[in-house]
Amino acid sequence: MSARRRVLPGFGLTMGLSWLYLGLIVLLPLSGLFLKTFTLTWDQFFETVASPRVLAAYRLSFGAAFLAALVNAVFGLLVAWVLVRYRFPGRGLVDALVDLPFALPTAVAGLTLTTLYSHNGWYGRHLEALGIKVAFTPLGIVVALTFIGLPFVVRTVQPVLEDLDADIEEAAATLGASPWRTFTHVLLPSILPALLSGFTLSFARAIGEYGSVIFISGNMPMKTEIAPLLIVTRLEQYDYAGATAIAGVMLAASFSLLLAANLLQRWTQRRFEVRPG
């Protein structure tokens, strides 16, 4: 029998090319980052990454990214549900607007949000009348990160919802299940892995965001200064080792959080795939 022909070359060649590509694009730059960090002594390293200003920036960056991803998980699911389950005038426009943060330069998004939420902006003037200040506060950072992260949740959950048969909802209703019980026991187990994946992507995107945040945050040290801005500040001061030290800690923390989220996603997927027959 002749060997079965494949469209692509064999495993060895494709794996080798894959590792070469990943090495040049990912591993080599990361190696340079850590090698530059190793030029610092341990005392200099801890003095750099554990200063009060840097720790405050870490807390703000990770905390705001988590809150923004959480908001996107809730409202991204709602937007995806509306786009999949309903037909209405302007649906195509709404679907296109979801992808706007992908196409819009982040600096333009930051300027636009700052204009809207400043004290004399379209939204800001009404919110400040209610005692809610958005621009130049941590809340403004969350708003910016929510804006740039929404498409990740919608576009991750939407295909899963499209594959779900609406008949299962009708069957649950026929058996007497309430809408909430139908959602939590029938729909949520099917979409939860995709929802967690969208949450992870939104969170990862928000952690390193710079362009859309620096304008609306105000960049006040210890209050509204994010970690990426500190890295850029160190680079502008030619403190490359200090910049890579801050970036290295941020990279390690981000990788750990993303690994935990991916493990949770896999566990959830396996748990709901195994059903008694």
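All residue numbers refer to positions in the sequence shown, counting from 1.
- At most 12 heavy atoms of other shown residues, nucleotides or ligands fall within 6.0 angstrom of atom CZ in R181.
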Under 3.5 Å, sequence neighbours excluded: what are the donor-acceptor pairs made by side chains of residues 211-218?
unit_1 : atom_1 : unit_2 : atom_2 : d
S212   : OG     : E209   : OE2    : 2.8
S217   : OG     : V213   : O      : 3.1
S217   : OG     : N219   : N      : 3.3
S217   : OG     : N219   : OD1    : 2.7

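- A search for side chain to side chain contact (heavy atoms under 4.5 Å, CB included) contacts involving L150 returns N72, V154, not counting sequence neighbours.
- Scored by the side chain to side chain donor-acceptor pair (under 3.5 Å) test, T244 finds T37 as partners (sequence neighbours excluded).
- Under the 30°/60° scheme for interplanar angles, the aromatic rings of F203 and F199 are found to lie parallel.
- When hydrophobic clusters are built by joining Ile, Leu, Val, Met, Phe, Trp and Tyr residues whose side-chain heavy atoms come closer than 4.5 Å, directly or via intermediates, L67 is not grouped with F147.
- Residue Y210 comes nearest to I226 through the heavy atom pair CA-CD1, 4.5 Å, listed as atom of the first residue, atom of the second, then distance.
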Could you pull out all donor-acceptor pairs under 3.5 Å where a side-chain atom in residues 136-146 meets a protein atom, sequence neighbours excluded?
unit_1 : atom_1 : unit_2 : atom_2 : d
T137   : OG1    : K133   : O      : 3.2
T137   : OG1    : V134   : O      : 2.5
T137   : OG1    : L139   : N      : 3.4
T137   : OG1    : G140   : N      : 3.4
T146   : OG1    : V142   : O      : 2.7

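- Clustering of Ile, Leu, Val, Met, Phe, Trp and Tyr side chains at separations under 4.5 Å places F102 together with F152, L201.
- Between Y117 and W122, every side-chain heavy-atom pair lies at or beyond the 4.5 Å cut-off.
- When every heavy atom of V160 is checked against every heavy atom of A194, the shortest pair comes out as CG2-CB, 3.5 Å.
- Shown here are the side chain to side chain donor-acceptor pair (under 3.5 Å) partners of N120, two or more places apart in sequence or in another chain: S118.
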Could you list the donor-acceptor pairs under 3.5 angstrom formed between side-chain atoms of residues 15-33 and any protein atom two or more places apart in sequence or on another chain?
unit_1 : atom_1 : unit_2 : atom_2 : d
S18    : OG     : T14    : O      : 2.8
S31    : OG     : L27    : O      : 2.7

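- Under the side chain to side chain donor-acceptor pair (under 3.5 Å) criterion, the residue pairs touching residues 93-102 are D95-R155, D99-R155, with sequence neighbours excluded.
- With a 4.5 Å cut-off on side-chain heavy atoms, I191 and L164 count as touching.
- In this structure, CZ in R234 is found 4.5 Å from CD1 in I246, a value given to the nearest 0.5 Å.
- Under the 4.5 Å side-chain contact rule for hydrophobic residues, I231 and F255 do not share a cluster.
- Environment of CZ in F45: crowded, with over 12 heavy atoms of neighbouring residues, nucleotides or ligands closer than 6.0 Å.
- Residue pairs meeting the salt bridge (charged side-chain N to carboxylate O under 4.0 Å, His left out) criterion with at least one partner in residues 44-57, sequence neighbours excluded, are R53-E225.
- Under a cut-off of 6.0 angstrom, the local environment of CZ in F34 is crowded, with over 12 non-hydrogen atoms contributed by other residues, nucleotides or ligands.
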Handout entry: Intermediate values then yes/no, side chain to side chain contact (heavy atoms under 4.5 Å, CB included), V82 and V94
Key = CA-CA 10 Å; V82 170; V94 175; over 6 Å; no

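- Side-chain atoms of I207 and F62, non-hydrogen and from C-beta on, do get closer than 4.5 Å to each other.
- Residues V79 and V153 share a hydrophobic cluster, clusters being chains of Ile/Leu/Val/Met/Phe/Trp/Tyr side chains in contact below 4.5 Å.
- Put simply, the side chain of S197 never gets that close to the backbone of P193: no donor and acceptor are under 3.5 Å apart.
- In terms of modelled atom types and a separation under 3.5 Å, the side chain of S202 and the main chain of G198 share no donor-acceptor contact.
- Considering OG1 of T39 and CD of Q44, their distance stands at 8.0 Å, rounded to 0.5 Å.
- From L127, atom CG reaches atom CZ of R125 across 11.5 Å, with rounding to the nearest 0.5 Å.
- The CG atom of L230 sits 11.0 Å away from atom OG1 of T48, with the distance rounded to the nearest 0.5 Å.
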Practice task
Please assess L235 against Y240 for the test side chain to side chain contact (heavy atoms under 4.5 Å, CB included), listing each intermediate value before the final yes or no.
Solution key: CA-CA 6 Å; L235 291 175; Y240 299 120; 3.5 Å; yes

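- By the criterion of side-chain heavy atoms lying less than 4.5 angstrom apart, applied directly or through intervening Ile, Leu, Val, Met, Phe, Trp or Tyr residues, V98 is not grouped with L100; the two fall into different hydrophobic clusters.
- Taking E128 as the reference, nothing meets the side chain to side chain donor-acceptor pair (under 3.5 Å) condition, with sequence neighbours excluded.
- In this structure, OG1 on T156 lies 11.5 Å from CG on L77, to the nearest 0.5 angstrom.
- The side chain to side chain donor-acceptor pair (under 3.5 Å) test applied to D163 returns no partner, not counting sequence neighbours.
- Of the inter-residue distances, the one linking F88 atom CZ with L83 atom CG reads 5.5 Å to the nearest 0.5 angstrom.
- When all heavy atoms of P228 and M250 are compared, the pair lying nearest together is CD-CE, 3.8 Å.
- Screening residues 242-251 for salt bridge (charged side-chain N to carboxylate O under 4.0 Å, His left out) gives no qualifying pairs among residues at least two apart or on separate chains.
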Problem - Pair V71-F66, side chain to side chain contact (heavy atoms under 4.5 Å, CB included): steps then yes or no - result: CA-CA 9 Å; V71 172; F66 179 81; over 6 Å; no

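- Cluster membership check: L70 does not share its hydrophobic cluster with I148, using side-chain heavy-atom separations under 4.5 Å among Ile, Leu, Val, Met, Phe, Trp and Tyr.
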